[in-house]
Amino acid sequence: MKVIEGKLQVQNGKRIAIIGARFNHLITDRLVEGARDAYLRHGGNEEDLDLVLVPGAFELPMGVERVLASGKYDAVCALGAVIRGSTPHFDYVSAEATKGIATVALKTAKPVAFGLLTTDTIEQAIERAGTKAGNKGFDAMMTVIEMLNLYREIEA
Ligand code: INI
């Protein structure tokens, strides 16, 4: 049986965009930092990585769609944080962001990672942004790297 899977090494020359939501930036800045760290520690060049900021999680799908439509990027890492405790429209924002990112991801042939925290409390968000539950931005970037390599292996 031939097993096809993606390596965890950034391919030379591949351009990646992080799309970061500014809302809850105390958290999302940490996710961006984690994603950048994962990228650099797996062989990425700083000049091939861009950060595109959108106002909130609701705008993540639009950011992802525009960035990929520009033709300048090979993959996207979407990062944001929706926290139930601080908003009554948690359900709307998180559902639309999730659905929108999935829709764009399926429409394009490019890897899109889903790094959106959806938590009940700010403490849970902090745990996932570089403290006891790791850093979901780092994890999302690892997914981008693996999927880029997987696509190449599938097409080889
Ligand atoms: N955006 C977030 O990214 N996280 C949130 O928790 C959040 N809350 O709490 O409402 C949030 N709202 C803003 C939303 O994403 C849009 O930017 C806004 O509605 C304008 O379209």
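Both counts, for ligands and for their atoms, begin at 1 and track the order of listing.
- Looking at Thr28 against ligand 1, nothing comes within 4.0 Å, counting heavy atoms.
- Near Ile83, meaning under 4.0 Å from any of its heavy atoms, are these atoms of ligand 1: 6 (O).
- By the 3.5 Å distance cut-off applied to N or O atoms, Ala21 is not counted among the residues near ligand 1.
- Near His89, the atoms of ligand 1 lying under 4.0 angstrom from a non-hydrogen atom of the residue are 10 (O).
- In this structure the side chain of Ile19 never reaches within 4.5 angstrom of the side chain of Leu79, judged on heavy atoms.
- Those atoms of ligand 1 with a heavy atom of Asn24 less than 4.0 angstrom away are 4 (N), 5 (C), 6 (O).
- Heavy atoms of Ala81 approach ligand 1 to within less than 4.0 angstrom.
- Close contacts of ligand 1 with Phe58, meaning ligand atoms under 4.0 Å from a residue heavy atom, involve 14 (C), 15 (O), 16 (C), 21 (O).
- Listed for the Tyr39 side chain is a donor-acceptor partner under 3.5 Å among the backbone atoms of Asn45.
- Other cluster members for Leu150: Ile4, Met147, Tyr151, Ile154, joined by side-chain heavy-atom distances under 4.5 Å among Ile, Leu, Val, Met, Phe, Trp and Tyr.
- At distances below 3.5 Å, not a single donor-acceptor pair connects side-chain atoms of Asp37 with backbone N or O atoms of Phe138.
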Go through the steps to decide whether Val104 and Val76 satisfy the test side chain to side chain contact (heavy atoms under 4.5 Å, CB included), and finish with yes or no.
CA-CA 11 Å; Val104 181; Val76 160; over 6 Å; no
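- For Lys72, there are no salt bridge (charged side-chain N to carboxylate O under 4.0 Å, His left out) partners at least two apart in sequence or on another chain.
- Atom 3 (O) of ligand 1 has its nearest heavy-atom neighbour, among Ala97, Ser94, Ala57, Gly80, in Ala57.
- Under a 4.0 Å criterion applied to the non-hydrogen atoms of Val93, ligand 1 contributes the atoms 15 (O).
- A salt bridge does not link Asp48 to Lys14: none of the charged nitrogens lies less than 4.0 Å from a carboxylate oxygen.
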